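Everything numeric here is computed off the predicted structure, so don't read it as measured data. The analysis underlying the following values was restricted to heavy atoms, covering all of them including side chains, and did not include hydrogens, waters or symmetry mates. Read the numbers this way: they start at 1 and go in the same order the structure lists the ligands and their atoms.
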Amino acid sequence: MSAIAAPLKKTLNVALIQLSAGFDKAKNLNHFKTHILKAIGESKNKLDLVVLPECFNSPYSVSEFRNYAETIPDGETTQFLSAIAKEHQIFLVGGSIPELDKTNDKIYNTSVTFDPQGKIVGKHRKAHLFDIDIKGGITFKESITLTGGDKATVYDLDGFGKVGLGICYDIRFPELAQIAARSPNDSFAMIYPGAFNTTTGPLHWHLLARARAIDNQIYTIVCSPARDLNSGYHAYGHSLVVDPYGKIIAEAGEGEEIVYAQLDPELITKVRQGIPINYQRRFDIYNNVVDGATVSDV
Ligand SMILES: NC(=O)CCC(=O)C(=O)O
């Protein structure tokens, strides 16, 4: 058995900013800035990382994505977030925004992460678009106006270690988290800006966040908008941080709230020593999972 690597190198203090967003982009940006500063001022530990929700600068609406779309990195929101990260010396996961790619005129649901110098260190385009139709529940079809990204995303939070990033519906596909958590990437967390809804949220939100943590023995961070019953989309809320045991260590309610958590560098190693699934995997059985594995016929 080889030594267990320590994916998280030191304690990380994180805040999740759960707010709703309306039609006024400038108002949305300022609302988030006020609360980022509030989190920095109120946190009892110096904050290292702040996470925003999916579609934090615009309504979450298929018919509005193009109206709010911006280019990255020169668009207004990217510049705005970069300046905040730099001024306050934090890593900032900028939720997600509708991104216009001028090279193909397509719109993506994109998350950008900044380092404490304001530099972009990670960019993820939502890979799995939220197209669902639950009779009597919710129908939503992002693919009417959005295009899916074509990559898993892993990047380094310098000094702490690596993280993987997915956006909302991406959490239903365990492969992105596996890619991030396993060697050679060895991430300590998956971060998901997300906006589950009031039909699937109560059923699946906590379970999926906990499942990704347990599958991979990493932290999972999921940040939702606050629920606004006057908007066209009722977000579930309940932003969460889950530890590598699958235990919820911080959780918001449904309204506007900031939640704080401290990620312990020793816990991942401890969990992996106690439940050593990393060394017990049977790749000889499931290495063909993409093409269709051979199953026993007896
Ligand atoms: N914004 C989203 O991707 C929503 C995903 C969701 O609600 C789900 O059930 O999955």
Problem - Sub-4.0 Å heavy-atom approach of H204 to ligand 1 - result: no
Fill in the blank from the handout: Short version for Y169: what comes under 4.0 Å of ligand 1, heavy atoms counted, is both
Problem - Whether over 12 other heavy atoms sit under 6.0 Å from Q280 CD - result: yes
Practice task
Decide if atom NZ of K44 counts as having more than 12 heavy atoms of other residues, nucleotides or ligands within a radius under 6.0 Å.
Solution key: no
Completion exercise
In ligand 1, the atoms that come under 4.0 Å of a heavy atom of A195 are 1 (N), 2 (C), 4 (C)
Handout entry: Per-atom contacts of ligand 1 with C168, taking only distances under 4.0 Å to non-hydrogen atoms
Key = 1 (N), 2 (C), 3 (O), 4 (C), 5 (C)
Practice task
Under 4.0 Å from a heavy atom of T200: give me the atoms of ligand 1 that qualify, with their elements.
Solution key: 6 (C), 7 (O), 8 (C), 9 (O)
Practice task
Identify, by atom number and element, the atoms of ligand 1 in contact range of K126, meaning under 4.0 Å from any of its heavy atoms.
Solution key: 1 (N), 2 (C), 3 (O)
Exercise for the section: If you have a sec, work out which protein heavy atom is nearest atom 10 (O) of ligand 1 and how many Å separate them, to one decimal? Expected result: R172 NE, 2.6 Å
Exercise for the section: Determine, using heavy atoms of H128 and all atoms of ligand 1, whether some pair is separated by less than 4.0 Å. Expected result: no
Fill in the blank from the handout: Among L203, L208, N197, D131, closest by heavy atom to atom 7 (O) of ligand 1 is N197
Exercise for the section: Under 4.0 Å from a heavy atom of Y233: give me the atoms of ligand 1 that qualify, with their elements. Expected result: 4 (C), 7 (O)
